[in-house]
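What follows is a short report on a single structure.
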Amino acid sequence: MGEEYEEERTKMVVDQIMGRGLRDGRLLKAFMAVPRHLFVPAGMVEFAYYDEPLPIGCGQTISQPYIVALMTSLLNLAGDETVLEIGTGSGYQAAILAQLVRRVHTVEYYAPLAEQAERILGELEYPNIAVHVGDGSQGWPPGSPYAGIVITAAAPEAPPCVLNQLAEGGRLVVPVGSRQYQELQIWERKWDKFSFESVLPVSFVPLRGKFGWSEEQWPQIR
Ligand code: SAH
């Protein structure tokens, strides 16, 4: 399944990911292995390997390939980790992470998106991904501690309870900000101290839930 579009996929990896300086062999192999066109709605398949995010329903998007690659590479994954993704969306980022670690937990706020992601991830037979429906702004305590956490929606701040689910030496990647301005932050836990660096300006859909943005603060067009 998903053998088609190999030429488009190779071009995506070479131009968008390698071309912007991400050269890690394991990372590139993961992007070659996952059939991105199966994670977009039927009418969007021809755009699946474009250098942009795409709508996936419920007012949500599948992130641009380079941003998925950058967020993944910032986690410095070695291969034996348990990681958490907050914002399953299409399931694409979870599929990429599953190539690179031992176990992936991913949480989605909107049940229809979680169900669709779970269906495609099941068809592709990735055995090491667990999809959960819930408020990921509070993390996913049952799977913690995590060596890496990636939040794929814009948060008002790095949620402290999510930071607390990091293992010693663990890393959190999170876009922080409002609709007007967001920056991608990389956090690290060292001896129970948390520090972060800003990586680059980005644009994500809002994180909902207890530690996210309310509909009043940041309404969304569906
Ligand atoms: N990683 C996704 C990108 C999805 S966009 C992909 O590869 O396709 C961000 C996702 O975060 C959306 O699906 C949105 O519904 C979800 N989201 C927003 N707030 C959330 C919350 N509090 N908990 C879990 N998921 C949330």
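For ligands, and for the atoms within them, numbers begin at 1 and follow the listed sequence.
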### Query
Which protein non-hydrogen atom lies closest to atom 11 (O) of ligand 1, naming both residue and atom, and how far is it?
Gly87 CA, 3.2 Å
### Task
Provide the number and element of each atom of ligand 1 under 4.0 Å from a heavy atom of Val205.
5 (S), 9 (C)
### Task
Ignoring hydrogens and angles, state whether a donor on the side chain of Gln220 or Trp218 is under 3.5 Å from an acceptor on the partner side chain.
no
### Task
Name the orientation class of the two ring planes belonging to Tyr49 and His37 (parallel below 30°, tilted from 30 to 60°, perpendicular beyond 60°).
tilted
#### Entry: Closest approach of any protein heavy atom to atom 26 (C) of ligand 1, naming residue and atom
Tyr109 CB, 3.5 Å
### Query
Ala94: heavy atom below 4.0 Å from ligand 1, yes or no?
no
### Query
Of all the atoms in ligand 1, which lie at a distance below 4.0 Å from a heavy atom belonging to Gln60?
12 (C), 13 (O), 14 (C), 15 (O)
### salt bridge (Lys or Arg N to Asp or Glu O under 4.0 Å) involving Lys190 - partner list, sequence neighbours excluded
Glu188
### Task
Provide, to 0.1 Å, the distance between atom 19 (N) of ligand 1 and the closest protein heavy atom, together with that atom's residue and name.
Arg208 N, 2.9 Å
### Query
If we ignore angles and hydrogens, is there a donor and acceptor under 3.5 Å between the side chains of Thr88 and Glu108?
no
### Query
What's the shortest distance from atom 23 (N) of ligand 1 to any protein heavy atom, and which residue and atom give it?
Gly136 N, 2.8 Å
### Message
Does atom CD (Glu6) have a neighbourhood of more than 12 heavy atoms from anything else shown, all under 6.0 Å?
### Response
no
### Task
Only heavy atoms count here, so choose which of Thr88, Ile62, Leu54 is nearest to atom 2 (C) of ligand 1.
Thr88
### Task
Show which atoms of ligand 1 fall inside a sub-4.0 Å distance from at least one heavy-atom site of Thr61.
3 (C), 4 (C), 5 (S), 8 (O)
### Message
Between ligand 1 and Asp135, is the shortest N or O to N or O distance under 3.5 Å?
### Response
yes
### Task
Flag yes if more than 12 heavy atoms outside Glu7 fall under 6.0 Å of its CD atom; otherwise flag no.
no
### Query
Heavy-atom contacts under 4.0 Å between Glu108 and ligand 1: side chain, backbone, both, or neither?
both
### Query
With only distance considered, is Ala153 within less than 3.5 Å of ligand 1 through an N or O on each side?
no
#### Entry: Atoms of ligand 1, numbered as shown, that sit under 4.0 Å from any heavy atom of Ser90
6 (C), 7 (O), 8 (O)
### Message
So for Ser137, does at least one of its heavy atoms come nearer than 4.0 angstrom to any atom of ligand 1?
### Response
yes
### Query
What pairs with Phe47 under ring-ring contact (aromatic ring centres under 6.0 Å, His included), at least two apart in sequence or on another chain?
Tyr50
### Query
Which ligand 1 atoms, with their elements, are less than 4.0 angstrom from a heavy-atom of Gly134?
23 (N), 24 (C)
### Message
Between ligand 1 and Glu85, can you find any atom pair, the residue atom being a heavy atom, that is separated by under 4.0 Å?
### Response
yes
### Query
Hey, are the side chains of Val68 and Phe31 touching, using non-hydrogen atoms and a 4.5 Å cut-off?
yes
### Query
Which pair of heavy atoms, one from Gln217 and one from Gly212, lies closest together, and at what distance?
OE1-O, 4.2 Å
#### Entry: Lys/Arg-Asp/Glu bridge criterion (N-O < 4.0 Å) met for Asp51, Arg20
yes
### Query
Going by the order shown, which atoms of ligand 1 are within less than 4.0 Å of some heavy atom of Gln93?
1 (N), 7 (O)
### Query
Which of the atoms in ligand 1, numbered in the order shown and given with their element, are less than 4.0 Å from a heavy-atom of Gly89?
4 (C), 13 (O)
### Task
Grab the two heavy atoms, one from Ala130 and one from Arg103, that are nearest each other, plus how far apart they are.
CB-NH2, 3.5 Å
### Query
Taking N or O atoms only and a 3.5 Å limit, does Thr152 qualify as a polar contact for ligand 1?
yes
### Query
Is it true that a side-chain atom of Gln165 and a backbone atom of Trp140 form a donor plus acceptor pair closer than 3.5 Å?
yes
## Note on the structure
Numbered in order shown, the ligand 1 atoms found under 4.0 Å of a heavy atom of Val107 are 24 (C), 25 (N)
